[in-house]
Amino acid sequence: MRNGATILAPAGLRLSAWEKTFFRDADPWGFILFARNVDTPDQLRSLTAELRDSVGRDAPIMIDQEGGRVQRLHEPHWAEYWPPLDQADRAQDPAKSFYMRARLIAAELRDVGIDTNCGPTCDIASDETHPFLQNRCMGRNPETVTENARAVADGYLAGGVLPIIKHMPGHGRTTVDSHLNLPTANAELLEASAWDFAPFRALNDLPMGMSAHMVFPEAGELPATQNPALIEMIRVDIGFEGLLMTDDISMEALSGSIAERAEVSIAAGCDVALHCNGDENEMIAVAAAAGKMTDAAQSRADRALTWRKDPDHIDISALKADLAAQLG
């Protein structure tokens, strides 16, 4: 049976009666949560259970818990983490510290029923990278980003959380916030392949990836999320065979109606459309436009879920102390 080719988000702290019925009928492959969905650990456990009950299966539930500016779980119930680029610059052993950090984040997520995290961010920072992204990166060259991103992915997986590498094929050259406008990378594809694509190529064995809403002019005017040529580069040049989800199709980098955005993204080669704002009318339109997953997409989705494992045992207190020592 094929699931809906969507990942959707609830509007609030609990599911409404409408959401329960809609999610049952639309059968999105997975769900994503935001700060608006988070209050306490007990509330979050109830919400994640409701989401899975609504579709009658152990659907993946994801969140953006990168650390720094982009994290949805905060004190007093959850830890606060440094911006990734700050940690990459200041840790005694950056890769080791990122593994510790990811393993701790995974423990926090699994405790409340979340089993997928939108990370690691494999974009490469530069002085020109827009502030919306710059300090979310884990380094300033492909080698550093690759080493730190692999450590993050390994930490998540050890804690029973699926990683999502983002933003494919590489967002680091852009100087515009894709939440607000469509960014362009001023680089030839041959150059981008050697630099921007490199961390993704090194991590192409991982189960899930997220596309970038940005343009490489040599490949045409469409953003990577909706550009068949760039999706092919993700599959062939980067060699990524996992599930490819869009970034949030509500972002203003994309044009057209919300239904058109979903339809064009799926037609270009993305496996599932990510819709994040919880608006009822938009979710109805997205679910209808995206339809069911293709056989190939469903196969990749099923294979991704085989990576979900029970967490290994760790001493949380000792790991926190080790991470604190790493960060001075």
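Computed from a prediction, not measured in an experiment: that's the story for all the values here.
Nearest heavy atom pair, residue Thr306 against residue Arg303, reads OG1-O, 2.5 Å. Smallest separation of non-hydrogen atoms from Arg150 and Leu203: NH2-CA, 3.6 Å. When all heavy atoms are compared, the tightest approach of Tyr99 to Ala158 is OH-CB, 3.4 Å. Across all their heavy atoms, Thr129 and Ile124 have their closest contact at OG1-O, 3.9 Å. Contact detail for Met138 and Pro84: the closest heavy-atom pair is CG-CB, 3.8 Å. The nearest pair of heavy atoms linking Arg110 to Lys309 is NH1-O, 3.2 Å.
Shown here is Lys96, whose NZ atom has no more than 12 heavy atoms of other residues, nucleotides or ligands within 6.0 Å. Taking a 6.0 Å sphere around CD of Glu221, one finds it holds 12 or fewer heavy atoms contributed by other residues, nucleotides or ligands. Counting non-hydrogen atoms of neighbouring residues, nucleotides and ligands closer than 6.0 angstrom, the CD atom of Glu218 exceeds 12 such neighbours. Residue-environment remark: CD (Glu232) stays at or below the threshold of 12 foreign heavy atoms within 6.0 Å.
Under the 4.0 Å criterion applied to side-chain N and carboxylate O atoms, Asp271 and Arg235 are assigned as salt-bridge partners. Here Asp64 does not pair with Arg69 in a salt bridge; the nearest charged N to carboxylate O distance is not below 4.0 Å. Taking the charged nitrogens against the carboxylate oxygens, Arg173 and Glu191 do have a contact shorter than 4.0 Å, which makes a salt bridge.
Hydrophobic clustering (side-chain heavy atoms under 4.5 Å, transitive across Ile, Leu, Val, Met, Phe, Trp, Tyr) groups Leu244 together with Met293. Linking ILVMFWY residues whenever their side-chain heavy atoms come closer than 4.5 Å, directly or via other members, places Met168 and Val272 in the same cluster.
Evaluated for a side chain to side chain contact (heavy atoms under 4.5 Å, CB included) with Pro223, the options Thr184, Asp247, Leu182 yield exactly one hit, Leu182. Evaluated for a ring pair (Phe, Tyr, Trp, His ring centres under 6.0 Å) with His171, the options Phe132, Phe216, Phe200 yield exactly one hit, Phe132.
In this structure a side-chain-to-backbone donor-acceptor pair under 3.5 Å is present from Asn117 to Gln65. For the pair His77 (side chain) and His74 (backbone), a donor-acceptor distance under 3.5 Å is absent. Side-chain atoms of Glu66 do not come within 3.5 Å of backbone N or O of Thr121 as any donor-acceptor pair.
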